[in-house]
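Read the structure below first, then the notes.
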2 protein chains.
Amino acid sequence: MPTISKENYLKSIYSLNLTYGESVSTSQVAMKLEITNAATSEMARKLAKQGYLHYEKYKGVELTEKGRKIALQIIRRHRLWEVFLIKVLGLSWSEVHDEAEKLEHNTSEELINKIDKHLNYPEFDPHGHPIPNEKGEIPQMPVLVSLLEATVGKNYKIFRVADESSELIEYLTKLNLFLYQDIKIIEKLSFDNSIIVQVNGTNHSLSEKVAEKVSVSILK
Amino acid sequence: MPTISKENYLKSIYSLNLTYGESVSTSQVAMKLEITNAATSEMARKLAKQGYLHYEKYKGVELTEKGRKIALQIIRRHRLWEVFLIKVLGLSWSEVHDEAEKLEHNTSEELINKIDKHLNYPEFDPHGHPIPNEKGEIPQMPVLVSLLEATVGKNYKIFRVADESSELIEYLTKLNLFLYQDIKIIEKLSFDNSIIVQVNGTNHSLSEKVAEKVSVSILK
DNA sequence: TTTCCAAGTTAAGCATGCCTAACATAAAAG
DNA sequence: CTTTTATGTTAGGCATGCTTAACTTGGAAA
């Protein structure tokens, strides 16, 4: 088991690689972790020696399979905790990140699997990021459309709300428009672009402003 | 904020004081934390300097109000996590301690209060230990009797099961005899000392062996 | 092609928190 | 009382993970 510090390096390297591709420079990692380049170079040497990454001086780092596995494990824990804190304990969108940042390093495999099960194995976190499963497999991102572009008569799953303000979230929650909730598009009113959706048999009208912030994926 | 290590010292000192009273020797702490006396002496000096405890060479340590407050905070977090892991996530009795041991140092005030609320402010953990409230106040332990000593016709709350084996717990759980569950004593059969209790309107017979392990507190 | 500078590395130092080994003290045994 | 022993403390070391300061290096500008 790597230390908390090492887990954070591996996680950062993984995500920098996703964003920029190819090998990641030590200074990119330093920037991300808000530490000095010096610390990063030193750690790169250690992590390479322990088989978590390939490192050639002046040429950046690249995760090995072993390192990637750890990174995905930490990311899985982070995202599951985020979903859990929001959906089960009612923390606010703005609070969960920092909280999950600490919990992700202090959660056993057994515990995170219980949480996964309790949440019914979600595939994406509240930001729409994929949650790796127990084996480290990453769910494919579905095609998303905003509610404005959805087709009348079809069924969708609420995937993401493009606004972290709790006001909008609370409004939608009152209408039972939770994350992952299945809905049906009943009607689109062309005169004001509002949309009528059905949730658990109940119809709600959503204004254009609200509808454009709600991303949904189509259900077969 | 003290470090994780310091939190553990303060927690240990608090509980040793409860058990043995008066001032706590550095070697008692060392024993409890499974580290050397040397490390403990050194830490005692640091904690004293930071105002968490009083320390006189060769005379042991004693928590200050400031130290006691931290200790109670950590104990609160530990016990609430234990209850939460068991009741909400279904971890087993044997798993929760180690898990809570890590989580207790990585949980914000806000998060633990949400957990407290979600559990409906429990006063005692699954082992029967009191859970300090947000202000650090410790609930008074109720008078406990084993089910064998309970009085026919009266109502009780299940407080503790004096057996950590999951077999007994699972058996009781099947009968809806959860922790904190309210029950009524219907009848005691003198020929085999078995007891008939009512749970949510349903009667169950418990053998003497089982009944003696279940501690209950009387309800007014 | 050479120069120069930003990016990257090494070296030395510090805080934390542990260890072992050597030393000090209190209190019990003689 | 004095001696012994168990209990407790100090000193010196080590691993981790960070810092600053001094140094390399690779590649773009001249």
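Order of the sequence lines fixes the chain letters, A, B, ..., with proteins taken first and strands second; residue numbering starts at 1 for each chain. Quick note: numbers below take in every heavy atom, side chains included, and nothing from hydrogens, waters or symmetry partners.
- Two residues are said to be in side-chain contact when any heavy atoms from C-beta on lie closer than 4.5 Å; A:Tyr156 and A:Leu144 fail this criterion.
- At the heavy-atom level, B:Lys6 lies under 4.0 Å from the strands shown only through sugar-phosphate atoms.
- Within the 4.5 Å cutoff, no side-chain heavy atoms of A:Glu212 are placed close to those of A:Leu147.
- Between A:Glu42 and A:Lys57, the one whose closest nucleotide on DNA chain D sits nearer the 5' end is A:Glu42.
- We find that CD of A:Glu7 is positioned 15 Å from C1' of D:dT16, with the value rounded to whole Å.
- Rounded to an integer number of Å, the gap from A:Glu34 CD to D:dG17 P is 18 Å.
- Atom NZ in A:Lys46 sits roughly 6 Å away from atom C1' in D:dG17 (whole-Å rounding).
- For A:Tyr58 and D:dG26, the OH to P distance is 7 Å, given to the nearest whole Å.
- At a threshold of 4.0 angstrom between heavy atoms, the contacts of B:Thr26 are confined to the sugar-phosphate backbone, with no base atom among them.
- Base contact: B:Ser41 has a heavy atom under 4.0 Å from a base atom.
- Of the two residues contacting DNA chain D, namely A:Thr3 and A:Ala38, the nearest-nucleotide position lying further toward the 5' end is that of A:Thr3.
- Residues B:Leu119 and B:Ile115 form a side-chain contact, since some pair of their non-hydrogen atoms from C-beta on lies under 4.5 Å apart.
- Note on A:Thr40: nothing from the nucleic acid sits closer than 4.0 angstrom, heavy atoms only.
- Annotation: side chain of A:His97 is in contact with side chain of A:His78 (closest heavy-atom distance under 4.5 Å).
- The distance between atom CD1 of B:Ile35 and atom C1' of D:dT9, rounded to the nearest whole Å, is 14 Å.
- Rounded to whole Å, atom P of D:dC18 lies 5 Å from atom CE of A:Met43.
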